[in-house]
There are 2 protein chains.
Amino acid sequence: MTDVASQGITVLLVDDHPIVRQGYRRVLESQGDLHVVAEADNAAEAYGAFKAHAPDVIVLDISMPGASGLEAIRNIRARDPRAKILCFTMHNEAVLVKSAFNAGASGYVTKSSEPSEVVKAIRAVARGERAMSDDVAHSLADASLSRSGSVLDELGEREIEILRQFAGGATTEQIASHLNLSVKTVQNYHYMIKTKTGARTDAQLVRIAASCGLTKL
Amino acid sequence: MTDVASQGITVLLVDDHPIVRQGYRRVLESQGDLHVVAEADNAAEAYGAFKAHAPDVIVLDISMPGASGLEAIRNIRARDPRAKILCFTMHNEAVLVKSAFNAGASGYVTKSSEPSEVVKAIRAVARGERAMSDDVAHSLADASLSRSGSVLDELGEREIEILRQFAGGATTEQIASHLNLSVKTVQNYHYMIKTKTGARTDAQLVRIAASCGLTKL
DNA sequence: ATTGGTTCGGGAAATTTGCCCGAGCTGTGA
DNA sequence: TCACAGCTCGGGCAAATTTCCCGAACCAAT
């Protein structure tokens with residue numbers, strides 16, 4: 001009775017799709033204790049809106065392209081570490097989830113979740129707890145029983161270099177000759193990189209490399 | 001005065017995100033003349049729901065994975081050519097838009113659009129007109145003007161779809177099952193795509209796909 | 001000294017690639 | 001209407017690569 005919830009929880013919605021925002025707003029408002037006090041269209045506007053309205057929780061869709069969503073989290077948290085950010089997105093890759101959390105997010109819920117789960121997460125985050133939906137927890141658990149940082153610090157120097165060249169479009173032979181290694185060794189590194197990053201496909205590898213800034217485009 | 005709109009327009013919502021569906025429903029219902037008579041969670045359920053409720057308009061999120069959205073359009077239209085389908089999605093790539101239309105869609109609106117635009121599109125589609133949002137028209141126009149010479153028009157529709165999924169990180173098996181193809185066929189397409197685009201490596205393929213806007217990174 | 005991480009590569013089985021093939025289908029133009 | 005061309009779908013088979021296993025050398029810290 002004495003906590004913040006009894007006063008209602010104020011929310012800032014950040015999503016680049018207007019109608020989606022409209023929808024969230026209605027769903028949240030129908031809860032009674034949740035009040036959407038502002039909306040923002042993109043990461044850039046998000047901090048301004050946060051400063052202006054000081055909401056209890058920021059619900060942020062990191063819809064990607066790229067790290068713009070993560071960037072926003074870092075920006076806001078850097079300027080006000082009290083900000084509580086709930087990521088609400090359709091992506092459920094462990095790497096992204098991890099990045100979001102150590103960018104400073106307080107929660108992570110996928111759009112596949114039931115509305116009630118989302119609402120629950122907002123309340124939890126408002127209380128200062130960490131929240132995530134079941135599917136997110138599952139993929140995190142799966143992917144990293146013992147990992148702790150960015151995917152990159154799992155990799156050795158050589159592995160990173162080979163990943164970089166590979167993602168840049170080089171063939172195995174080219175990499176081998178660039179680095180004066182046997183083709184076999186490059187193949188083995190390639191394999192190790194895949195297992196360490198959890199990529200099941202070369203394409204996934206490229207995406208991971210790109211998301212780590214290892215390659216542009 | 002004698003047309004369907006004066007009686008209200010019935011809508012079937014198809015989207016795999018429950019909360020998003022909730023949101024749309026509320027936005028549409030608040031219009032007065034729009035009535036969401038059914039929802040479906042995925043492409044498979046969509047046709048059943050269509051048959052059961054005979055809605056005036058199907059609002060379909062082809063959120064992908066893969067052609068399941070396009071597949072759904074084709075399925076429904078094959079069984080009932082009177083079906084009016086409005087694609088409502090976050091993707092705004094010319095290739096997809098074109099595929100959607102010649103799969104039989106009546107309209108295409110992105111989630112970046114204002115709610116009012118979406119509603120307008122629904123009404124237009126219900127009247128039997130073709131509808132698309134400004135940004136979609138723009139990217140279609142762009143593409144049709146200055147895109148001869150792009151690698152993409154060397155590729156068939158299937159090839160493009162498979163490239164899209166592959167670049168998105170899907171495995172050969174996943175693609176095969178998404179599209180109901182044999183693994184061998186997907187492998188063959190993969191090979192054809194590589195030769196047609198001149199890519200010597202899967203990583204190069206991903207880069208090409210990205211540079212054509214086929215996938216985001 | 002021993003453990004542990006990183007670099008380097010061999011070997012063998014399982015998969016995938018590279019390339020060729022034929023068959024069904026559709027639209028287009030003579 | 002009859003080709004003809006182009007897309008779609010998949011089999012086959014040799015060659016290449018991937019997947020995992022392994023050992024060896026090096027260096028750093030325990």
Summarise how protein sits on nucleotides 14-30 of chain D as a single string, 5' to 3': B when a protein heavy atom is under 4.0 Å from the base, S for sugar-phosphate-only contact, - for no contact. ---SBBB----------

Quick check on the helix from C:dA1-D:dT30 to C:dA30-D:dT1: what's the angle between its two end axes, five base pairs per end, to the nearest 10°? 30°

Rounded to whole Å, how long is the line connecting atom CD1 of B:Ile162 with atom C1' of D:dG10? 12 Å

Taking side chain to side chain donor-acceptor pair (under 3.5 Å) as the definition, give me every residue that meets it alongside A:Ser112, ordered by chain and number, with sequence neighbours left out.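 Applying side chain to side chain donor-acceptor pair (under 3.5 Å) to A:Ser112 gives none.
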
For B:His17, which residues count as a ring pair (Phe, Tyr, Trp, His ring centres under 6.0 Å) partner, sequence neighbours excluded? none

Which nucleotide of DNA chain C is the first, and which the last, in the 5' to 3' direction, to come under 4.0 Å of a heavy atom belonging to chain A? C:dT7 to C:dA12

Residues two or more places apart in sequence or in another chain: which of them pass ring pair (Phe, Tyr, Trp, His ring centres under 6.0 Å) with B:Phe88? B:Tyr24

Figure out the CD/P separation between B:Glu157 and D:dT8, and round it to whole Å.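 In whole Å, D:dT8 P lies 7 Å from B:Glu157 CD.
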
Using a 4.0 Å heavy-atom cut-off across all strands, classify A:Ser182 as base, sugar-phosphate, or nothing.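 Sugar-phosphate contact only.
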
Can you list every salt bridge (charged side-chain N to carboxylate O under 4.0 Å, His left out) pair that touches residues 195-210 of chain B, not counting sequence neighbours? B:Glu159-B:Lys196, B:Lys194-B:Asp202

What is the distance, rounded to the nearest whole Å, between atom CG of B:Asn180 and atom P of D:dC9?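 About 10 Å, once rounded to whole Å.
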
Spatial distance of atom CE (A:Met132) from atom OG (A:Ser106) [nearest 0.5 Å]: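 A:Met132 atom CE to A:Ser106 atom OG measures 11.0 Å (nearest 0.5 Å).
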
Side-chain donor-acceptor contacts of residues 34-41 of chain B below 3.5 Å, not counting sequence neighbours, with atom names and distances?
| unit_1 | atom_1 | unit_2 | atom_2 | d |
| --- | --- | --- | --- | --- |
| B:Glu39 | OE1 | B:Arg21 | NE | 2.8 |
| B:Glu39 | OE2 | B:Arg25 | NE | 2.7 |
| B:Glu39 | OE2 | B:Arg25 | NH2 | 3.2 |
| B:Asp41 | OD1 | B:Arg21 | NH1 | 2.9 |

Under the salt bridge (Lys or Arg N to Asp or Glu O under 4.0 Å) rule, collect the residues that match up with A:Glu173, sequence neighbours excluded. none

Contacts of type side-chain contact (heavy atoms from CB on, under 4.5 Å), residue B:Ser177, not counting sequence neighbours: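 Once residues adjacent in sequence are excluded, B:Ser177 has no partner under the side-chain contact (heavy atoms from CB on, under 4.5 Å) criterion.
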
B:Asp80: partners by side-chain contact (heavy atoms from CB on, under 4.5 Å), with sequence neighbours left out: B:Phe50, B:Arg82

Which residues satisfy the side-chain contact (heavy atoms from CB on, under 4.5 Å) test with A:Lys184, sequence neighbours excluded? A:Ser182, A:Gln187, A:Asn188

